[in-house]
Novice: 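I'd like to ask you about the structure that follows.
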Amino acid sequence: MHLHRLPGGTDDLFRQYVQYAFQPNAGPDLEESDRPNPPHTRYGLYPDASVTADDEPVTICSSYDFSLWVRDSLVSAGGLSTVATPPEHRRNGYVETMLRKLCLLYRDDEVSISVLWPFKHAFYAQFGWATASRRLEWETEPSTLRSAATTGGTWERVDRDAWESLDAIHEAATGTDDLSLDRSEAWWRTRQLRSFGTNPYVYRWRDDDGERRAWLAYTIDGDWGDRTLYVRSYDAADLEAFRHLLGFLTDHDSQVGEVHVETGTDNPLHAMVDDPDDLSPKLTTGPMIRFVDVPAALESLSYPDGVDATVEVGIRDPLLETVAGRYRLAVAGGEATVDRVGDDPTGDAVASIGAFSQLAVGYRGADALAATDDLETDRETVETLAAVFPETATYLREGF
């Protein structure tokens with residue numbers, strides 16, 4: 001089987017595959033969408049070494065190129081999306097083959113991390129991806145937020161041309177937070193400030209000194225008397241700005257019955273309102289991640305000051321023989337040197353590629369992984385890995 005970029009003239013074919021996979025209730029009729037995407041590449045898996053627009057792939061996917069902040073370093077990542085296989089080609093292992101070939105292509109292109117939003121966690125876990133962050137989804141009446149909200153300054157409606165000012169707020173809010181995306185202009189215009197179906201309202205907040213410190217994009221769905229305001233994306237530069245954002249949402253209490261907003265797991269909203277029982281937060285898993293090139297990924301990260309350690313780690317990988325093996329990691333002066341020293345997944349510690357990727361990006365610490373037997377090692381090595389890879393709050397909020 002061969003992985004090819006989808007040739008020109010296959011837009012209808014691509015939509016047909018994606019619609020059947022994700023919107024089968026819409027029927028076989030194709031619908032054009034005027035919603036542009038940020039730069040991405042569409043791939044198909046084909047039986048032949050060369051293809052034309054008349055050839056039909058057995059499965060397809062899309063890949064987005066972007067950079068993630070991981071431990072104060074920008075790391076190139078590939079965002080995997082729209083994996084779709086028509087029913088006549090299912091249960092033949094084609095998706096596994098396509099995933100393997102795409103990951104090898106990432107390595108060749110010096111992309112060391114793969115990220116995806118799973119339709120089902122267990123499906124991608126079998127190929128080495130693992131959860132990279134979690135999130136809280138809050139659904140509440142607007143009035144519940146009033147006790148945590150404040151007002152003042154000025155809210156103004158803006159359009160997509162305001163993306164640079166919103167990006168400045170985003171950087172002030174997230175900085176180099178782990179797994180935050182370095183958003184490009186195309187990403188702002190086509191992902192943050194547009195939406196599937198109904199485009200969002202976009203508002204920006206200035207404080208009394210005229211400084212821009214918060215923004216949000218939202219849609220309102222439902223019929224009169226049963227409407228919900230969905231916050232699609234937002235940033236607040238600090239807690240005071242977040243309180244003003246809550247005030248903006250509260251002011252919709254005469255128009256909507258519920259507000260739906262997503263935050264990271266470390267957000268203090270639960271402690272900010274007078275009656276937290278009315279918030280009903282739901283903890284959900286976010287995207288999944290895996291390294292496709294262990295030395296390149298680890299050597300691109302920054303490490304804690306004062307940590308000087310050498311450890312050998314064995315990594316099991318169900319998808320990539322080029323990843324499975326034994327690695328010597330030497331950390332000194334905030335940097336790492338990584339060498340592959342064997343093909344067998346043995347060492348001072350042993351983990352699956354998914355678990356090791358979680359450790360490296362900070363989603364799960366060495367103690368937590370060892371407690372669930374996802375990291376096989378002794379107590380001394382746990383302490384070493386905990387010092388090298390301290391647990392941190394990760395929050396990858398981008399959809400693709």
Side-chain angles (χ1 to χ4, degrees), residues 33-38 117 135-170 172-174 180-181 183 187-207 212-264 267 269 272-273 278-282 284 286 395-400:
S33 173
D34 65 351
R35 180 181 186 272
N37 280 304
W117 285 88
R135 52 187 176 154
L136 289 172
E137 296 178 356
W138 310 81
E139 291 185 354
T140 187
E141 296 180 1
S143 58
T144 303
L145 305 174
R146 191 174 302 280
S147 58
T150 190
T151 57
T154 303
W155 284 96
E156 53 194 350
R157 188 174 173 184
V158 297
D159 59 21
R160 288 187 286 274
D161 289 337
W163 72 271
E164 287 183 288
S165 67
L166 307 185
D167 190 55
I169 298 170
H170 173 67
T174 63
S180 61
L181 190 79
R183 295 174 180 168
W187 199 272
W188 273 105
R189 288 182 176 276
T190 61
R191 282 296 181 185
Q192 296 302 307
L193 306 180
R194 299 199 69 160
S195 181
F196 290 104
T198 304
N199 285 326
Y201 297 98
V202 182
Y203 276 82
R204 180 180 62 198
W205 179 69
R206 299 173 184 259
D207 63 19
R212 299 158 176 167
R213 293 170 54 199
W215 79 279
L216 79 164
Y218 62 94
T219 56
I220 298 177
D221 297 336
D223 298 322
W224 183 260
D226 187 28
R227 288 177 173 165
T228 299
L229 187 157
Y230 291 92
V231 179
R232 302 299 182 180
S233 188
Y234 74 92
D235 285 296
D238 50 39
L239 188 58
E240 180 190 5
F242 183 65
R243 288 184 182 275
H244 281 274
L245 190 148
L246 296 178
F248 182 88
L249 297 177
T250 300
D251 287 344
H252 285 77
D253 56 354
S254 62
Q255 196 172 15
V256 303
E258 259 191 348
V259 169
H260 183 283
V261 62
E262 174 193 308
T263 71
N267 186 278
L269 180 59
M272 294 167 62
V273 299
D278 290 337
L279 284 174
S280 303
K282 178 183 178 182
T284 62
Y395 184 30
L396 200 169
R397 67 180 74 181
E398 312 293 337
F400 47 84

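Everything numeric here is computed off the predicted structure, so don't read it as measured data.
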Novice: So, do F248 and V231 sit near enough that their side-chain heavy atoms are less than 4.5 Å apart?
Specialist: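 Result no, sub-4.5 Å side-chain heavy-atom pair not found.
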Novice: Ignoring hydrogens and angles, tell me if any N or O in the side chain of Y234 forms a donor-acceptor pair with the backbone of E262 under 3.5 Å.
Specialist: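 Judged by distance alone, yes, a pair lies under 3.5 Å.
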Novice: Classify the ring geometry of W188 against H170: parallel below 30°, tilted from 30° to 60°, perpendicular beyond 60°.
Specialist: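 Answer is perpendicular, since the angle exceeds 60°.
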Novice: Would you sort out whether L216 and L249 count as a side-chain contact (heavy atoms from CB on, under 4.5 Å), showing the intermediate values?
Specialist: CA-CA 10 Å; L216 79 164; L249 297 177; 3.8 Å; yes
Novice: For R397 and S233, does a side-chain donor sit closer than 3.5 Å to a side-chain acceptor?
Specialist: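 R397 vs S233: no donor-acceptor pair found between side chains.
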Novice: Checking W117 side chain against E398 main chain: does a donor-acceptor pair fall under 3.5 Å?
Specialist: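 Between the backbone of E398 and the side chain of W117 there is a qualifying donor-acceptor contact (under 3.5 Å).
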Novice: Could you grab the distance from atom OG1 of T250 to atom NE2 of H244, nearest 0.5 Å is fine?
Specialist: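 With rounding to 0.5 Å, OG1 (T250) is 12.0 Å from NE2 (H244).
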Novice: Do L193 and W215 pass the side-chain contact (heavy atoms from CB on, under 4.5 Å) test, and can you show the C-alpha distance, the side-chain angles, and the key distance before you say yes or no?
Specialist: CA-CA 11 Å; L193 306 180; W215 79 279; 3.8 Å; yes
Novice: Would you check, one step at a time, whether the test side-chain contact (heavy atoms from CB on, under 4.5 Å) holds for H252 with V259?
Specialist: CA-CA 9 Å; H252 285 77; V259 169; 5.8 Å; no
Novice: In a check of side-chain contact (heavy atoms from CB on, under 4.5 Å) between R183 and each of R191, R189, Q192, which one passes?
Specialist: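 With R183 as partner, R191, R189, Q192 yield a single side-chain contact (heavy atoms from CB on, under 4.5 Å), made by Q192.
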Novice: Looking at every heavy atom in both P142 and G257, which two are closest together, and how far apart are they?
Specialist: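 It is CD-O, 3.6 Å.
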Novice: At their closest point, which heavy atom of I169 faces which heavy atom of R212, and how far apart are they?
Specialist: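 Closest heavy-atom pair between I169 and R212: CG1-O, 3.6 Å.
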Novice: Within the structure provided, determine whether L166 and D235 are in side-chain contact (heavy-atom separation under 4.5 Å).
Specialist: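 L166 vs D235: side chains apart.
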Novice: First locate atom OG1 of T263, then atom CD of E137, and finally report the distance between them rounded to the nearest 0.5 Å.
Specialist: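 Output value for this atom pair is 9.5 Å.
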Novice: How long is the gap from CD on E258 to OG1 on T144, to the nearest 0.5 Å?
Specialist: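 The distance works out to 9.5 Å.
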Novice: Quick check: are there more than 12 heavy atoms from other residues, nucleotides or ligands sitting under 6.0 Å from CG of D159?
Specialist: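 For D159, atom CG is crowded (more than 12 foreign heavy atoms under 6.0 Å).
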Novice: If you count the non-hydrogen atoms of other residues, nucleotides and ligands that lie under 6.0 Å from CD in E141, is the total more than 12?
Specialist: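 Atom CD in E141 is not packed in, count stays at 12 or less.
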Novice: Side-chain contact test, heavy atoms from C-beta onward, threshold under 4.5 Å: evaluate it for L136 versus L269 and give yes or no.
Specialist: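 No. Closest side-chain heavy atoms not under 4.5 Å.
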Novice: Atom CG in L145, atom CH2 in W138: separation rounded to 0.5 Å?
Specialist: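 Atom-to-atom, L145:CG and W138:CH2 are 10.0 Å apart.
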Novice: As an exercise, state the distance from CG of L229 to CD of Q255, rounded to the nearest 0.5 Å.
Specialist: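 Separation between the atoms: 8.0 Å.
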Novice: Would you call the rings of W155 and W205 parallel, tilted or perpendicular, where under 30° means parallel and over 60° means perpendicular?
Specialist: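 Aromatic pair W155/W205 classed tilted.
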Novice: In Å and rounded to the nearest 0.5 Å, what is the CZ to CH2 distance from F400 to W187?
Specialist: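 Output value for this atom pair is 6.5 Å.
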Novice: Hey, mind stepping through T150 and L246 against side-chain contact (heavy atoms from CB on, under 4.5 Å) and telling me if it holds?
Specialist: CA-CA 7 Å; T150 190; L246 296 178; over 6 Å; no
Novice: Below 4.0 angstrom, N of the basic side chain to O of the carboxylate: do R146 and D278 qualify?
Specialist: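 No, this pair does not count.
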Novice: Do NZ/NE/NH1/NH2 and the carboxylate oxygens of E240 and R213 come within less than 4.0 Å?
Specialist: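 Between R213 and E240 there is a salt bridge, with a charged N closer than 4.0 Å to a carboxylate O.
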Novice: Restricting to non-hydrogen atoms, name the atom on A236 and the atom on A173 that form the minimum distance, rounded to 0.1 Å.
Specialist: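 For A236 and A173, the tightest heavy-atom pair comes out as O-CB, 3.2 Å.
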